[in-house]
Amino acid sequence: MRQFPMRGLWALALCAGLLASCQKSDQQAQKQPEPAPAAEQATPPAEQPVQTPEQPAAQPEKAVEPAAQPAQAGGDKLVPLDIKLPKPMFVGTPTNIAVPNLEKPLGHPRPPFMAPAGTANVALKKPVSSSDEQPIIGELAMVVDGDKEGGEGSFVELGPNQQYVTIDLKGKYTIYAVVVWHYHKQPVVYHDVIVQVADDRDFISNVSTIFNNDVDNTSGRGVGKDMSYVETAEGKLIDARGVQGRYVRLFSRGNTSNDLNHYIEVEVYGKAVK
């Protein structure tokens, strides 16, 4: 029988041992649990905004109530003017008045006019002069006597064509509004109504025109951009926008019924200049 040399036997044994060791390592590796995939690892959501407790969406600012707003010219708060109105003398809206640039009736009461607190009618019982010093009916003092009713004995009637009345406030005032009642017993329109304020009786110094509906400049005081209007018991309220002066002058040139001029009452709302 042929015998292997000792060196060969030793080599065979070493190979067999290495083979067994490798098989065992493979079996152990198969038994180990696989690591969790990277996709399963917990990560924060991409760019999620941090939530704060009950934060509402941005809302537009609410408008401030007009009565709470301070006057632009000072620190006084604005309040509605307390304008006492006379009894209406006619009902309905006239439809047969052919006047260019005629204002449409509101169809409802005029909204309150806001003015600084302490504003009052500074024309009451003040001196009145006129281009017609001898009125046809009534007296000039009736223009500022506080009577706004439309009945007989409550108005002054001036001559035909252009006439004016001038009120001396007896001091310089900041004027916020002028309200005029020409004649509201009937639905008429007065022509070329112009209202001016000045520092002197001759209307040379610091003259401001606060109303002018003379569309063709027949009065020679510039083309007016204001609208004509139908006389009512509310009177015509003119925003004077805080002009300052001592004298207030009102022009007119007849009306749609005749060429005469009338005034029942004029109120000037303002505060004394300190």
Side-chain angles (χ1 to χ4, degrees), residues 66 71-73 78 81 83 93-115 119 123 130-131 143 158 160-167 169 173-184 187-200 202-270:
Q72 294 181 358
L78 299 180
L81 283 184
I83 303 174
T93 302
T95 57
N96 57 346
I97 298 179
V99 174
N101 197 35
L102 184 62
E103 183 179 73
K104 294 181 179 180
L106 286 177
H108 55 78
R110 181 174 57 214
F113 184 86
M114 309 300 289
T119 300
S130 173
S131 54
V143 176
L158 306 179
N161 303 318
Q162 186 186 68
Q163 301 289 350
Y164 65 79
V165 295
T166 305
I167 304 170
L169 302 178
Y173 288 84
T174 300
I175 301 171
Y176 300 102
V178 174
V179 190
V180 54
W181 290 262
H182 283 284
Y183 186 77
H184 60 87
V188 296
V189 176
Y190 282 80
H191 304 303
D192 300 346
V193 175
I194 302 172
V195 182
Q196 294 182 324
V197 177
D199 286 343
D200 64 306
D202 296 322
F203 279 72
I204 297 174
S205 175
N206 190 30
V207 180
S208 300
T209 300
I210 62 173
F211 188 88
N212 183 351
N213 66 11
D214 180 4
V215 296
D216 53 7
N217 195 26
T218 55
S219 298
R221 289 172 175 79
V223 176
K225 297 182 180 180
D226 295 298
M227 302 185 74
S228 297
Y229 59 92
V230 177
E231 292 288 324
T232 68
E234 279 194 324
K236 179 60 177 179
L237 190 151
I238 299 166
D239 186 352
R241 302 184 183 278
V243 301
Q244 293 185 345
R246 170 173 172 170
Y247 295 87
V248 178
R249 179 169 288 176
L250 302 96
F251 297 84
S252 61
R253 185 187 294 274
N255 60 82
T256 50
S257 292
N258 53 59
D259 59 357
L260 300 176
N261 300 273
H262 307 86
Y263 288 91
I264 291 178
E265 190 74 15
V266 175
E267 293 183 336
V268 179
Y269 287 91

Considering all heavy atoms, the nearest [X]-[Y] contact:
X    : Y    : result
G235 : R110 : O-NH1, 3.1 Å
I97  : L102 : O-CD2, 4.1 Å
W181 : A233 : NE1-O, 2.8 Å
A177 : A240 : N-CB, 3.9 Å
N212 : G222 : ND2-O, 3.2 Å
D200 : S205 : OD1-N, 2.8 Å

Does any non-hydrogen side-chain atom of [Y] lie less than 4.5 Å from one of [X]?
X    : Y    : result
D239 : F113 : yes
I167 : V266 : yes
L250 : V248 : yes
P105 : V230 : no
N206 : V197 : no
F203 : T166 : yes
I175 : V268 : yes
S252 : H191 : no

Between [atom1] of [X] and [atom2] of [Y], what distance do you get to the nearest 0.5 Å?
X    : Y    : atom1 : atom2 : answer
Q163 : S130 : CD    : OG    : 6.0 Å
N101 : M227 : CG    : CE    : 4.5 Å
R221 : F251 : CZ    : CZ    : 3.5 Å
F211 : K225 : CZ    : NZ    : 14.0 Å
E231 : Y183 : CD    : OH    : 11.0 Å
D226 : I210 : CG    : CD1   : 9.5 Å

field: Parallel, tilted or perpendicular, as decided by the 30° and 60° cut-offs, for the rings of H262 and Y190
entry: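 Perpendicular.
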query: What do the steps show when you test V143 against E265 for side chain to side chain contact (heavy atoms under 4.5 Å, CB included), and what is the final call?
result: CA-CA 5 Å; V143 176; E265 190 74 15; over 6 Å; no
- request: For side chain to side chain contact (heavy atoms under 4.5 Å, CB included), just list the numbers for V179 and I83, CA-CA rounded to whole Å, side-chain angles, deciding distance to a tenth of an Å, and then say yes or no.
  value: CA-CA 9 Å; V179 190; I83 303 174; 4.1 Å; yes
Determine yes or no for a side-chain-to-main-chain donor-acceptor pair under 3.5 angstrom, with [X] supplying the side chain and [Y] the backbone.
X    : Y    : value
T256 : V189 : yes
N261 : L158 : no
N255 : S257 : yes

- prompt: Are Y269 and E267 linked by a side-chain donor-acceptor pair shorter than 3.5 Å?
  reply: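 Yes, because at least one side-chain N or O of Y269 sits under 3.5 Å from a partner of the opposite role on E267.
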task: Could you go through the side chain to side chain donor-acceptor pair (under 3.5 Å) check for D192 and T218 one step at a time?
output: CA-CA 8 Å; D192 300 346; T218 55; 2.6 Å; yes
task: Provide the full list of salt bridge (charged side-chain N to carboxylate O under 4.0 Å, His left out) pairs with a residue in residues 209-220, sequence neighbours left out, each pair given once.
output: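 Found none.
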All pairs passing ring-ring contact (aromatic ring centres under 6.0 Å, His included) where residues 212-244 contributes a residue, at least two apart: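 Found none.
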task: Carefully, step by step, assess Y173 and R246 under the rule side chain to side chain contact (heavy atoms under 4.5 Å, CB included).
output: CA-CA 6 Å; Y173 288 84; R246 170 173 172 170; over 6 Å; no
- request: State which residues pass salt bridge (charged side-chain N to carboxylate O under 4.0 Å, His left out) with E103; sequence neighbours excluded, sorted by chain then number.
  value: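 Once residues adjacent in sequence are excluded, the partners of E103 under the salt bridge (charged side-chain N to carboxylate O under 4.0 Å, His left out) criterion are K236.
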